[in-house]
Colleague: 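For reference, the structure I am asking about is given below.
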There are 2 protein chains.
Amino acid sequence: MNYETLLREHHLKVTPQRLGILSLMHTMGHINIEELYAQIKEQFSSISLATLYKNINAMVENKLVTEVKVPNVKSKYEITKEPHIHLLCSACSEFIDLDLDLHPLLDAASSKSHYELHGSCIVLSGLCEKCQKEL
Amino acid sequence: MNYETLLREHHLKVTPQRLGILSLMHTMGHINIEELYAQIKEQFSSISLATLYKNINAMVENKLVTEVKVPNVKSKYEITKEPHIHLLCSACSEFIDLDLDLHPLLDAASSKSHYELHGSCIVLSGLCEKCQKEL
DNA sequence: ACTTAAAAGATAATTATTTTCCTTTACTAA
DNA sequence: TTAGTAAAGGAAAATAATTATCTTTTAAGT
């Protein structure tokens, strides 16, 4: 993925900090501000938290980045991709992404057999494969 | 609805403040802390915001109340009911509730013809009937 | 290179939420 | 019904999260 053109396409100036943020977001998948700040500081030791917020906000406004809000977990951010479902593992708080063609999943959710509906939001909580095995 | 038994069933002490909160939540539907505080103060002029938070949190933990988190809008709370979809009107920020049998809606969302997918969360944004007509 | 608008960084300010501590109240069981 | 107790309420302070302000630096077009 070319982050430089990605920024340009979204009418955002290209800066080293922004390239770093996008690169991290890409490799880490869903990431929250805290984690992102800890990581980015290894590259840009003097980066300000305000800068991070300003950039994230700018990117979210331009829909380059998407904010994922779910109950009990800090907002996570990801580079915008095709519409999809975030299945939240209730054990390790990792997301598993599923595409929108989720009819069997929805059925499972409403019957509460395998997946638990987390709150009344349609974001579903369940155990990821990793955690499933550890039970 | 009997709020007293509702509280007892969820192992929460019955207090006038809690009855007031539940009553407001029931009549107002989805409501955020700010609105709730403004309303509840008319009944309990000396109620503390901390009390409100403590009660909401207790009720959410006991799943008596559900928190609905969506992008760009303050968290709203509702008395827990059957799993359902919150369709957020992008004009007036009201919710329209839909049951989980939403296959045609999902199709519409993914084709982006009628409903707009809001972020990557499956909570959908669109115009409610009221706003739809005003366009 | 020069110019300019925007971004970065530091810090302060705001806003949102939680904690603390003391008083009051709901519930239990005698 | 009332005495005891654990929990709830209220006020204020503390903490956490986010945004605004201001000055310096930098990206990008001429």
Side-chain angles (χ1 to χ4, degrees), chain A residues 2-25 31-62 64-77, chain B residues 2-25 31-62 64-65 67-77 93:
Chain A
N2 185 350
Y3 307 122
E4 203 167 318
T5 53
L6 200 58
L7 284 167
R8 290 228 164 80
E9 281 170 5
H10 288 81
H11 314 103
L12 291 168
K13 271 194 181 176
V14 177
T15 70
Q17 290 86 343
R18 283 177 179 173
L19 293 174
I21 290 170
L22 288 175
S23 167
L24 271 173
M25 237 179 228
I31 190 167
N32 68 31
I33 288 275
E34 223 170 14
E35 296 162 343
L36 195 49
Y37 189 49
Q39 293 287 323
I40 197 83
K41 265 173 99 169
E42 294 185 7
Q43 283 178 68
F44 303 92
S45 53
S46 72
I47 197 172
S48 162
L49 193 49
T51 297
L52 194 52
Y53 273 108
K54 280 185 278 191
N55 280 326
I56 295 281
N57 287 346
M59 290 174 187
V60 169
E61 275 162 30
N62 287 282
L64 199 168
V65 163
T66 297
E67 180 183 8
V68 189
K69 283 174 110 172
V70 280
N72 306 121
V73 173
K74 287 194 71 173
S75 283
K76 295 197 180 195
Y77 300 90
Chain B
N2 186 350
Y3 306 122
E4 204 167 318
T5 54
L6 199 58
L7 284 167
R8 290 227 163 80
E9 281 170 6
H10 288 83
H11 315 104
L12 291 168
K13 272 193 182 179
V14 178
T15 70
Q17 289 87 342
R18 285 177 177 173
L19 293 174
I21 289 170
L22 288 175
S23 167
L24 270 174
M25 238 180 228
I31 190 166
N32 68 32
I33 288 274
E34 222 171 16
E35 295 163 343
L36 196 49
Y37 188 51
Q39 293 287 322
I40 197 84
K41 265 174 99 169
E42 295 185 6
Q43 283 177 69
F44 303 92
S45 54
S46 72
I47 197 172
S48 163
L49 193 49
T51 298
L52 194 51
Y53 273 108
K54 280 185 276 192
N55 280 327
I56 295 280
N57 287 346
M59 290 176 187
V60 169
E61 276 162 29
N62 287 281
L64 198 167
V65 163
E67 181 182 7
V68 188
K69 280 175 112 174
V70 280
N72 306 122
V73 172
K74 288 194 70 170
S75 282
K76 296 197 179 194
Y77 300 91
S93 295

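All values derive from a computational prediction rather than experimental measurement. Here is how names work: the chains are called A, B, and so on, in the same order as the sequence lines, proteins then strands, and each is numbered from 1.
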Colleague: For a quick test of reading the model: is some side-chain N or O of Y53(A) closer than 4.0 Å to OP1 or OP2 of dT19(D)?
Modeller: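 No, no such contact exists.
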
Colleague: Might you point out which heavy atoms bring N32(A) and S75(A) nearest each other, and give the distance in Å?
Modeller: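 Distance-wise, the nearest heavy atoms are CB-O, 3.2 Å.
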
Colleague: Round to the nearest Å and state the distance from Y37(A) atom OH to dT19(D) atom P.
Modeller: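 Nearest whole value for this atom pair: 16 Å.
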
Colleague: Considering heavy-atom distances to DNA chain C, does L12(B) or I33(B) have its closest nucleotide positioned more toward the 5' end?
Modeller: I33(B)

Colleague: Can you measure H11(A) atom NE2 to dG29(D) atom P for me and round it to whole angstrom units?
Modeller: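 Those two atoms, NE2 and P, are 13 Å apart.
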
Colleague: Looking at T15(A), I'd like to know whether one of its side-chain N or O atoms comes within less than 4.0 Å of OP1 or OP2 on dA8(C).
Modeller: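 Looking at the OP1 and OP2 atoms of dA8(C), one of them is under 4.0 Å from a side-chain N or O of T15(A).
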
Colleague: Calculate the interatomic distance between L49(B) atom CG and dA13(D) atom C1'; express it in whole Å.
Modeller: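 After rounding, the gap between these two atoms is 14 Å.
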
Colleague: Is the shortest side-chain N/O distance from N55(B) to OP1 or OP2 of dG9(D) below 4.0 Å?
Modeller: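 It does, given that an N or O in the side chain of N55(B) lies less than 4.0 Å from OP1 or OP2 of dG9(D).
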
Colleague: Picking from dT19(C), dA20(D), dA26(C), which would you name as closest to the side chain of A50(A)?
Modeller: dA20(D)

Colleague: Rounded to the nearest angstrom, tell me the gap between atom CD in E4(B) and atom P in dA26(C).
Modeller: 11 Å

Colleague: So T51(B), base contact, sugar-phosphate only, or nothing? Heavy-atom distance under 4.0 Å.
Modeller: base

Colleague: Between dA6(C), dA11(D), dG9(C), which nucleotide has the shortest distance from any of its atoms to the side chain of K13(A)?
Modeller: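 Selected nucleotide: dA6(C).
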
Colleague: Compute the bend angle of the helix from dA1(C)-dT30(D) to dA30(C)-dT1(D) from the end axes (five pairs per end), rounded to 10°.
Modeller: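 For the helix from dA1(C)-dT30(D) to dA30(C)-dT1(D), the axes at opposite ends meet at about 50°.
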
Colleague: On the nucleotide dT19(D), are OP1 or OP2 found under 4.0 Å from the side-chain N or O atoms that N57(A) carries?
Modeller: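 For N57(A), the contact criterion (side-chain N or O under 4.0 Å from OP1 or OP2 of dT19(D)) is met.
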
Colleague: On a heavy-atom basis, which atom in I47(B) and which in Y37(B) lie closest, and how many Å separate them?
Modeller: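 Smallest interatomic distance, heavy atoms only, reads O-OH, 3.4 Å.
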
Colleague: To the nearest Å, give me how far apart NZ (K54(B)) and P (dC22(C)) are.
Modeller: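 To the nearest whole Å, that distance equals 14 Å.
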
Colleague: Side-chain contact test, heavy atoms from C-beta onward, threshold under 4.5 Å: evaluate it for K74(B) versus E34(B) and give yes or no.
Modeller: yes

Colleague: Quickly work out the L22(A) CG to dA7(C) P distance and round it to whole Å.
Modeller: 14 Å

Colleague: Using OP1 and OP2 only, check whether a side-chain N or O of Q17(B) sits under 4.0 Å from dT25(C).
Modeller: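 The answer is no; no side-chain N or O of Q17(B) sits under 4.0 Å from OP1 or OP2.
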
Colleague: If you define the side chain from C-beta out and look only at heavy atoms, does anything of Y77(A) sit under 4.5 Å from V68(A)?
Modeller: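 Heavy-atom side-chain distance check fails, nothing below 4.5 Å.
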
Colleague: Starting at OH of Y77(A) and ending at P of dA17(D), how long is that distance when rounded to a whole Å?
Modeller: 12 Å

Colleague: So, R18(B) side chain and N55(B) main chain: donor-acceptor pair closer than 3.5 Å or not?
Modeller: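 No; judged by distance alone, with no hydrogens or angles, the pair does not exist.
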
Colleague: Whole angstrom is fine here: how far is it from NZ in K74(B) over to C1' in dT17(C)?
Modeller: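 For the pair K74(B) NZ and dT17(C) C1', the rounded distance is 10 Å.
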
Colleague: Tell me what A58(B) touches on the nucleic acid: a base, only sugar-phosphate, or nothing, going by heavy atoms under 4.0 Å.
Modeller: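 Answer is nothing: A58(B) stays at 4.0 Å or more from every strand.
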
Colleague: When you get a sec, tell me which of dA11(D), dT18(D), dA26(C) is the closest nucleotide to the side chain of P16(B)?
Modeller: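 Shortest atom-to-atom distance from the side chain points to dA26(C).
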
Colleague: So what does I47(B) hit on the nucleic acid, given a heavy-atom distance under 4.0 Å: a base, only sugar-phosphate, or nothing?
Modeller: sugar-phosphate

Colleague: Can you see which heavy atom on K13(A) is nearest to which on L7(A), and at what distance?
Modeller: O-CD1, 4.2 Å

Colleague: Rounded to the nearest 0.5 Å, what separates atom CD in E61(B) from atom CD1 in I56(B)?
Modeller: 12.0 Å

Colleague: Does OP1 or OP2 of dA27(D) have a side-chain N or O of R18(A) closer than 4.0 Å?
Modeller: no

Colleague: Any side-chain heavy atom of I40(A) within less than 4.5 Å of one from Q17(A)?
Modeller: no

